Protein chains: 2
Amino acid sequence: MRPQKVLDNDIYSALTKVFRAKGFEGASLNEIADATGLKKASLYHRFPEGKKQMAEAVFNYIEERVEIKIFGALINNTLTPDQRLNESINNIKELYNGGEESCIFRTLSMKVGLELFGSRIKNGMEQWIHHFKELGLAFGQSKEEAKSNAIQNLIDIQGSLIVSEGLKDLTIFENTLKTIKNRYNKG
Amino acid sequence: MRPQKVLDNDIYSALTKVFRAKGFEGASLNEIADATGLKKASLYHRFPEGKKQMAEAVFNYIEERVEIKIFGALINNTLTPDQRLNESINNIKELYNGGEESCIFRTLSMKVGLELFGSRIKNGMEQWIHHFKELGLAFGQSKEEAKSNAIQNLIDIQGSLIVSEGLKDLTIFENTLKTIKNRYNKG
DNA sequence: AATATTTTACCGAACGTTCGGTATTGCCAA
DNA sequence: TTGGCAATACCGAACGTTCGGTAAAATATT
């Protein structure tokens, strides 16, 4: 059989970049074709169900990275809670490229995206909250405290990404990561 | 002269609903025509410069309401700082319809929107921060404290709108408004 | 070892539809 | 009857999608 011109992972990476920046409706197939290096028709060979399947691939791709880099760090029992926190925060910074890259929770949750991927987004957010709640418990917080802190972490990340972009000031995202750290290391 | 079939303010209101839900690229003229009750061609009579001008009108419309309802409340010297805070929070809740409506800072700041309206978004955010900073000063906070609190308010609002939508749980937005209040009424 | 066949990947061209945007005509009130 | 508004019809371009066919490697057959 003929070899692939572009590796799957390179396609996913390019798709992620486009959907993150443009959202579902804003991402055109011509742009996707340019970004991946495949022609439109070839994309339909890789993704027979079309654009929606491409966006699904982005969810899979990102969820896998988040699972490893963030949730994996947060539940790594070989580390102290403080080390887990630090590693996950470092990886968050990396995954969002210091605040330059948007989150698909935002870009794929406009009207149409929410209709298509609403349950994936909801599940994804719940996982973030669940794992951060576990961290809070490991820090000795009460259930209520741990949960509200976890929710606030998610709010902080989403909000600071928007404000950073809007103000064109990445230090806001960085400061938010510090705020999250301070939520567990008080004083 | 012939009277307008649809009042300007009703057009702005409909435009706002569409652009808030769909963003700039996601909002099609056919949908806008349906939402406003005017045909496409009639829209081009009202907005000769087209879609971009329609989005500009949304900015104007929202900025006016924010100016009155939020900034106006925050700088109303006939009220105590605490009353200013309460009134502005109530109006924020109203303007975002309890968390059901998105913010144009979010929906119009995707790639294309940011290119077209980047400076308006930046200015708008800076005004939010400026006015909330003034509130903090009125509460006796230091300059640094007042500013970081103001930024955090904006982050909280943006973030909680996204998380509320994603989790389909409006209590998150409500709780965030309480969090903001507690930022000024400690203990 | 050489040839034929199968299998998979890619691509140019075109599909029907919808996009944002325009002329042109008809309507309506002053 | 004049001037401003709205509606019909329409435009080229771009949209997501599909199709017919080609390129290239793996396998099967001689």
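Chain naming here is simple, since letters A, B, ... match the order of the sequence lines and numbering starts at 1 in each. If you're wondering where the values come from, they're calculated on a predicted model, not measured in any experiment. Just so it is clear, the values below take in all heavy atoms, side chains as well, and ignore hydrogens, waters and symmetry mates.
Residue B:Ser42 places at least one side-chain N or O closer than 4.0 Å to OP1 or OP2 of D:dA7.
Rounded to a whole Å, the CG atom of A:Asn30 is 14 Å from the C1' atom of C:dC11. One interatomic measurement links the two molecules: CD of A:Gln4 to C1' of C:dT7, which rounds to 14 Å at whole-angstrom precision. Put simply, CG on B:Asp34 is 10 Å from P on C:dC19, counting in whole angstrom units. For the pair A:Leu15 CG and D:dG16 C1', the computed distance is 15 Å after rounding to whole Å. Atom P of nucleotide D:dG16 and atom CD of B:Glu25 are separated by 10 Å, given to the nearest angstrom. Atom pair B:Leu29:CG and C:dT18:C1' shows a separation of 11 Å (rounding to whole Å applied). Remark: C1' of D:dC19 and CG of A:Leu43 are 16 Å apart, rounded to the nearest angstrom. When the P atom of C:dA9 is taken as reference, atom CD1 of A:Ile11 falls 10 Å away, rounded to whole Å.
A:Ala27 comes within 4.0 angstrom of sugar-phosphate atoms only, judged by non-hydrogen atoms across all strands, and of no base.
At a threshold of 4.0 Å, the pair A:Glu174-A:Lys178 does not count as salt-bridged, since none of the basic side-chain nitrogens sits closer than that to a carboxylate oxygen. Salt-bridge annotation for B:Glu87 and B:Lys69: absent, with no side-chain N of the basic residue lying under 4.0 Å from a carboxylate O of the acidic one.
Of all the heavy atoms in B:Ala150 and B:Tyr184, the pair that sits closest is N-OH, 4.4 Å.
The nucleotide whose nearest atom lies closest to any side-chain atom of B:Ser28 is, among C:dC19, D:dT17, D:dC5, C:dC19. The listed nucleotides are D:dA7, C:dG20, D:dA6; the one nearest the side chain of B:Ala41 is D:dA7. Distances were taken from every side-chain heavy atom of B:Lys40 (C-beta onward) to each of C:dC10, C:dG21, D:dA6; the shortest belongs to C:dG21. Closest to the side chain of B:Lys39, out of D:dT18, C:dC10, D:dT8, is D:dT8. The listed nucleotides are C:dC11, D:dA23, D:dA25; the one nearest the side chain of A:Lys5 is C:dC11. In this structure, the nucleotide among D:dC5, C:dC10, C:dG20 sitting nearest to the side chain of B:His45 is D:dC5. Looking at the side chain of B:Leu38, the nearest of the listed nucleotides C:dT8, D:dA7, D:dG16 is D:dA7.
Nearest-nucleotide assignment on DNA chain D puts the 5′-proximal partner with B:Arg46, out of A:Lys51 and B:Arg46.
A cation-pi arrangement is absent between B:Lys93 and B:Phe173, since the terminal nitrogen or guanidinium carbon is not both under 6.0 Å from the aromatic centre and inside a 45° cone about the axis.
Panel note: side chain A:Arg20, backbone A:Ile104; no donor-acceptor pair is recorded below 3.5 Å.
Residue-to-nucleotide contacts include a donor-acceptor pair under 3.5 Å from the side chain of A:Arg2 to the base of C:dA9.
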